[in-house]
Asker: 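Can you keep this structure in mind? I'll have questions shortly.
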Amino acid sequence: MAKQSYQTILIGAGQAGLAAAYHLRKQGVSFIGLDGAGQAGDSWRSRYDSLTLFTPRRCDGLPGFPMSGDPHGFPTKDEVADYLQAYRERFELPIRYGARVVKAERHEGRFRLKLADGETLYAEQLLAATGPFQKPAVPQAAASLDEGVLQLHSSEYRHPAQLQAGPVLVVGAGNSGAQIAVELSGQGREVLLSASGPIRVLPLRFLGRSIFHWMDRLGLLRASGQSLMGRWLRKQRDPVFGRELTESLRRGAIRLMPRVSGAEGRDIRFADGSLLKVANVIWATGFRPDYSWLRVDGALDGDGRPLHTEGVSPVPGLYYLGLPWQRSRSSALIAGAAGDAAYVTARMQEDRLLGSRLD
């Protein structure tokens, strides 16, 4: 297979990767982006049908191309997917889709990448923008449930018609779990929501403005992970945005349950010792990172998570994007990821010019 060489290879072309590609193109870098998906925005298209972002459009745009529509309104997941596709086309970004990287390693002072189709690529700099959400995290208890119980991770859930008759337990009371539970509670079935701790709820709007406007005014979105405010925020449970869950709980349309502690057959056991027979379980239990393709000494810690300072790896020429708290609280948001992309690509340009990290 052909062996091609670039100054920079970008792995992952979600919102953070596309923002990085925008800046790399402006820098005049010889680069290519690689993504295993079929097209831009596919990670959003594959989410559940009713998903609506809790950040307003004014916070969801990438550099050089604001998202259209009411800037204070909240876009659907398909709207975000279409926007990312339009963004890639507008700036003619050199992204190859359907290109899955199976190995990246150091070889003779450069990075050598092997693709699933056998192709080999080389680069002086490598920017990993795959983020931390590659592998669904499902508790061990799931393996102990009877085959007659329908189990879906939140990444597999699309709409209520997927479920069989009977009660549904949603495990995990973050924003995805809360939205799914609220949707199912309107289908005339028994819905239970398992939470591992107290649920904090914030309104989507306050005094006529998005709650993120006020968070920004208070400096919460700009707080770095090392600041006093950032260290406090990182200890807090992420809030659920919107009042729909609170209202559904008040009406009894959703029943709140303690943390799941085990399972057997058709029974789920909770932390308070109670048991519940279930017909459907949706595991809204998050994701785990998967950097198993990154075979570079010093790139990852003992748990397989990136070692970095604000996206800059201790490995010369290696950088990361799309990580929670990469530089601030807003790193988890689209606009924050775009800001991180500007910072990291500027550092990459500086390192190219100085050559200090590529020796």
Side-chain angles (χ1 to χ4, degrees), residues 42-52 77 131-201 237-240 242 244-246 248-292 303-305 324:
D42 272 3
S43 63
W44 287 98
R45 290 187 184 87
S46 63
R47 301 296 301 278
Y48 53 95
D49 294 348
S50 63
L51 174 61
T52 299
K77 56 102 176 181
F133 306 125
Q134 290 97 38
K135 296 180 68 174
V138 178
Q140 291 185 347
S144 300
L145 284 171
D146 188 87
E147 291 182 358
V149 177
L150 177 65
Q151 300 187 65
L152 297 172
H153 186 266
S154 57
S155 61
E156 301 169 306
Y157 173 78
R158 299 290 179 274
H159 46 74
Q162 288 175 279
L163 305 184
Q164 59 188 2
V168 56
L169 172 68
V170 179
V171 181
N175 280 283
S176 291
Q179 284 192 10
I180 292 170
V182 168
E183 176 178 52
L184 293 172
S185 70
Q187 303 295 311
R189 68 166 74 226
E190 183 180 4
V191 178
L192 306 100
L193 178 64
S194 170
S196 60
I199 302 175
R200 292 196 306 127
V201 176
R237 184 181 297 273
D238 285 341
V240 170
E244 293 84 358
L245 177 62
T246 303
S248 295
L249 290 170
R250 186 191 64 78
R251 293 187 290 104
I254 298 174
R255 182 151 56 103
L256 194 61
M257 304 297 292
R259 175 179 57 85
V260 170
S261 61
E264 184 175 357
R266 290 178 173 269
D267 292 326
I268 292 281
R269 183 171 62 255
F270 298 96
D272 63 357
S274 61
L275 293 174
L276 173 74
K277 287 194 180 298
V278 293
N280 306 275
V281 179
I282 297 176
W283 300 102
T285 44
F287 296 81
R288 295 190 182 97
D290 181 10
Y291 289 91
S292 57
D303 295 322
R305 298 177 185 276

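Below, all heavy atoms of this structure are taken into account, side chains as well, without hydrogens, waters or symmetry copies. All residue numbers in this chain count up from 1 along the given sequence.
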Asker: For Arg47 versus Ser176, what's the shortest heavy-atom pair and its separation?
Answerer: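 Looks like NH2-OG, 3.2 Å.
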Asker: With a 3.5 Å distance limit and no angle check, can you tell me whether Arg266 reaches the backbone of Ala279 through a side-chain donor-acceptor pair?
Answerer: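 Not at all, since once roles are kept as given, no pair shorter than 3.5 Å links the two residues.
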Asker: Output the distance between atom CD1 (Ile180) and atom OG (Ser50), rounded to the nearest 0.5 Å.
Answerer: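 Those atoms lie 7.5 Å apart.
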Asker: Looking at Arg305, is its backbone amide N or carbonyl O close enough to the side chain of Asp303 to form a donor-acceptor pair, meaning the two atoms are under 3.5 Å apart?
Answerer: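 No, the answer is negative, given that no donor and acceptor are paired below the 3.5 Å cut-off.
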Asker: So Leu256 and Ile199, do their side chains get closer than 4.5 Å, heavy atoms only?
Answerer: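 A side-chain contact exists here, since the closest heavy-atom pair is under 4.5 Å.
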Asker: Kindly check if the number of other-residue, nucleotide or ligand heavy atoms within 6.0 Å of CD (Gln140) is above 12?
Answerer: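 No, the 6.0 Å shell around CD holds no more than 12 heavy atoms from other groups.
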Asker: Of all the heavy-atom pairs spanning Ser274 and Met257, show the shortest one and how long it is.
Answerer: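 The answer is OG-CE, 4.4 Å.
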Asker: Taking salt bridge (Lys or Arg N to Asp or Glu O under 4.0 Å) as the definition, give me every residue that meets it alongside Lys135, ordered by chain and number, with sequence neighbours left out.
Answerer: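 Checked Lys135 against salt bridge (Lys or Arg N to Asp or Glu O under 4.0 Å); zero matches.
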Asker: Can a donor-acceptor pair be found between the side chains of Gln179 and Tyr48 at a distance below 3.5 Å?
Answerer: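 Yes.
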Asker: Would you give the length of the straight line joining atom CG of Leu169 to atom NZ of Lys277, rounded to the nearest 0.5 angstrom?
Answerer: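 It is 14.0 Å, given to the nearest 0.5 Å.
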Asker: Between Phe270 and Val260, is there a side-chain heavy-atom distance shorter than 4.5 Å?
Answerer: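 They are in contact (side-chain heavy atoms under 4.5 Å apart), so the answer is yes.
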Asker: Do you know which two heavy atoms are closest between Ala178 and Leu245, and how far apart they sit?
Answerer: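 Shortest heavy-atom separation between Ala178 and Leu245 comes out as CB-CD2, 3.9 Å.
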Asker: Please round to the nearest 0.5 Å and tell me the distance separating atom OG1 of Thr52 and atom CG of Asn175.
Answerer: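 Answer rounded to 0.5 Å: 12.0 Å.
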Asker: Which pair of non-hydrogen atoms, one from Pro136 and one from Arg288, has the smallest distance, and what is that distance?
Answerer: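 Smallest interatomic distance, heavy atoms only, reads O-NH1, 4.1 Å.
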Asker: Once rounded to the nearest 0.5 Å, what's the spacing between atom CG of Leu145 and atom CD of Glu264?
Answerer: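 Taking CG in Leu145 and CD in Glu264, the distance rounds to 10.0 Å.
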Asker: Roughly how far, to the nearest 0.5 Å, is the CD atom of Gln151 from the CD1 atom of Ile282?
Answerer: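 Going from CD1 on Ile282 over to CD on Gln151, the span is 11.0 Å.
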Asker: Determine the minimum heavy-atom distance between Ser261 and Ala271, stating which atoms define it.
Answerer: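 Scanning both residues, the minimum pair turns out to be OG-N, 3.8 Å.
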Asker: Assess the residue pair Gln187 and Leu163 against the criterion (side-chain contact (heavy atoms from CB on, under 4.5 Å)); give the C-alpha distance rounded to whole Å, side-chain angles, the decisive distance to 0.1 Å, and a yes or no.
Answerer: CA-CA 11 Å; Gln187 303 295 311; Leu163 305 184; over 6 Å; no
Asker: Going by salt bridge (Lys or Arg N to Asp or Glu O under 4.0 Å), name the residues that satisfy it together with Glu190, two or more places apart in sequence or in a different chain.
Answerer: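 Applying salt bridge (Lys or Arg N to Asp or Glu O under 4.0 Å) to Glu190 gives Arg255.
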Asker: So how far is it from Glu183 CD to Asp49 CG, rounded to the nearest 0.5 Å?
Answerer: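 It comes to 7.5 Å.
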Asker: Is it the case that the side chain of Asn280 and the backbone of Val149 share a donor-acceptor pair, with hydrogens and angles ignored and the cut-off at 3.5 Å?
Answerer: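 Here the side-chain-to-backbone pair does not exist.
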Asker: Measure across Leu193 and Gly172 and return the closest heavy-atom pair with its distance rounded to 0.1 Å.
Answerer: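 Looking at all heavy atoms of both residues, the shortest contact is CD1-O, 3.6 Å.
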Asker: Look at the side chain of Arg158 and the backbone N and O of Ser46, then say whether any donor-acceptor pair between them is shorter than 3.5 Å.
Answerer: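 Present.
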